[in-house]
Amino acid sequence: MIDRRLLAPCGLYCGVCGVMIAHRDNNQNLKQKLAGFYGVKVEDLNCLGCLSDTRAMFCEVCHIRACAAEKNYEGCYQCADWPCRHIQDFPVPVGKKVIMRAVPFWKEHGTEVYVAEEEKRYHCPNCGAALFRGAKRCRSCQQPVDVD
């Protein structure tokens, strides 16, 4: 069963988001690293998914999420204006790269296949350990990874 709270309209599936994983698992070490990376406070990184009631500060102010809600869309894949200025101006390069890959796939294959493929993609090709989006090195075997 798909957890709809994890279906970020932009295509950045929350089930593989480091912020959501760190909050869900109460991983304070990872939260501290992510807070440093994003230049925010650790308490700004409480998130259980873009469409949950507990959202990180980024999701709270996200123009893409607001736009999809206003149009009553599940995701950007439903929008004739995609990719719009919100996507073009996305501030995190790896996030924009994933959005540009994920949204067309979501549109072509549907939600169930999109989620399954995102969850399958984010595993270390060397040891199989779970990864989060944007990871550059496997936390388990320490091998460099590039799965985005």
Side-chain angles (χ1 to χ4, degrees), residues 1-25 27 29-125 129-139 143-148:
M1 171 131 286
I2 293 174
D3 185 346
R4 299 258 176 221
R5 299 173 302 172
L6 304 179
L7 291 177
C10 66
L12 294 175
Y13 175 63
C14 300
V16 296
C17 174
V19 173
M20 193 284 299
I21 292 167
H23 180 71
R24 178 197 67 199
D25 298 349
N27 185 333
N29 186 38
L30 180 55
K31 271 190 169 185
Q32 288 176 346
K33 288 179 182 178
L34 291 168
F37 176 78
Y38 289 117
V40 299
K41 295 182 261 180
V42 169
E43 51 270 17
D44 292 331
L45 300 180
N46 296 331
C47 193
L48 294 174
C50 179
L51 301 181
S52 75
D53 292 332
T54 303
R55 291 186 293 267
M57 62 172 288
F58 312 113
C59 300
E60 274 303 314
V61 299
C62 179
H63 297 292
I64 299 169
R65 186 178 64 80
C67 178
E70 182 181 300
K71 293 178 178 180
N72 201 29
Y73 288 164
E74 176 180 50
C76 293
Y77 73 91
Q78 296 170 298
C79 188
D81 295 331
W82 188 88
C84 68
R85 66 180 169 81
H86 299 308
I87 303 301
Q88 299 300 341
D89 296 340
F90 198 80
V92 181
V94 71
K96 184 175 177 180
K97 174 184 173 186
V98 172
I99 289 169
M100 297 304 288
R101 169 188 57 75
V103 171
F105 186 88
W106 192 0
K107 181 176 184 168
E108 181 178 345
H109 298 282
T111 300
E112 289 76 19
V113 173
Y114 154 71
V115 168
E117 288 299 312
E118 289 298 289
E119 289 178 350
K120 185 171 126 184
R121 170 184 291 272
Y122 286 93
H123 286 82
C124 177
L131 301 169
F132 58 85
R133 183 177 42 254
K136 299 294 180 207
R137 184 172 299 281
C138 176
R139 292 181 288 167
Q143 290 296 307
V145 295
D146 182 14
V147 298
D148 293 311

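What you are looking at is a predicted structure, and each value in this text was computed from that prediction instead of being measured.
- At a threshold of 4.5 Å between non-hydrogen side-chain atoms, the residues L7 and V115 count as touching.
- With sequence neighbours excluded, the residues forming a side chain to side chain contact (heavy atoms under 4.5 Å, CB included) with H123 are A130, listed by chain and number.
- Counting non-hydrogen atoms of neighbouring residues, nucleotides and ligands closer than 6.0 angstrom, the NZ atom of K107 reaches no more than 12 such neighbours.
- Y77 places a side-chain heavy atom less than 4.5 Å from the side chain of T111.
- With sequence neighbours excluded, the residues that form a side-chain hydrogen bond (donor to acceptor under 3.5 Å, both in side chains) with D148 are Y122.
- Minimum heavy-atom separation, V98 to G11: CG1-O, 4.4 Å.
- With sequence neighbours excluded, no residue forms a side-chain hydrogen bond (donor to acceptor under 3.5 Å, both in side chains) with Q32.
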Taking only distance into account, with no hydrogens and no angle test, what donor-acceptor pairs under 3.5 Å do side-chain atoms of residues 14-24 form with protein atoms, sequence neighbours excluded?
| from | atom 1 | to | atom 2 | distance (Å) |
| --- | --- | --- | --- | --- |
| H23 | ND1 | K31 | NZ | 3.1 |
| H23 | ND1 | N46 | OD1 | 3.2 |

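- Summarising the local packing, CG of D25 is surrounded by more than 12 heavy atoms from other residues, nucleotides or ligands at distances under 6.0 Å.
- For E117, the salt bridge (Lys or Arg N to Asp or Glu O under 4.0 Å) partners are K120, not counting sequence neighbours.
- Rounding to the nearest 0.5 Å places CG of L131 at 12.0 Å from CZ of R133.
- By the salt bridge (Lys or Arg N to Asp or Glu O under 4.0 Å) test, D146 pairs with K97, sequence neighbours left out.
- Take K41 and apply the side chain to side chain contact (heavy atoms under 4.5 Å, CB included) test, not counting sequence neighbours, and it matches E43, D44.
- Residues forming a side chain to side chain contact (heavy atoms under 4.5 Å, CB included) with R121 (at least two apart in sequence, or on another chain): R101, E118, V147.
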Give every donor-acceptor pair under 3.5 Å between a side-chain atom in residues 48-70 and any protein atom, sequence neighbours left out.
| from | atom 1 | to | atom 2 | distance (Å) |
| --- | --- | --- | --- | --- |
| S52 | OG | G49 | O | 2.8 |
| S52 | OG | T54 | N | 3.1 |
| S52 | OG | T54 | O | 2.7 |
| R55 | NE | E60 | OE2 | 2.9 |
| R55 | NH1 | S52 | O | 2.7 |
| R55 | NH2 | E60 | OE2 | 3.1 |
| R65 | NE | C59 | O | 2.7 |
| R65 | NH2 | C59 | O | 3.1 |
| R65 | NH2 | E60 | O | 3.3 |

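- For R139, the side chain to side chain contact (heavy atoms under 4.5 Å, CB included) partners are N27, L30, F132, not counting sequence neighbours.
- Taken from CG in L34 to CG in N29, the straight-line distance is 9.5 Å, to the nearest 0.5 Å.
- Within a 6.0 Å radius of NZ in K71, other residues, nucleotides and ligands contribute more than 12 heavy atoms.
- Not counting sequence neighbours, the partners of Y114 by the ring-ring contact (aromatic ring centres under 6.0 Å, His included) test are W106.
- Judged as a side-chain hydrogen bond (donor to acceptor under 3.5 Å, both in side chains), not a single pair has a partner in residues 80-90 (not counting sequence neighbours).
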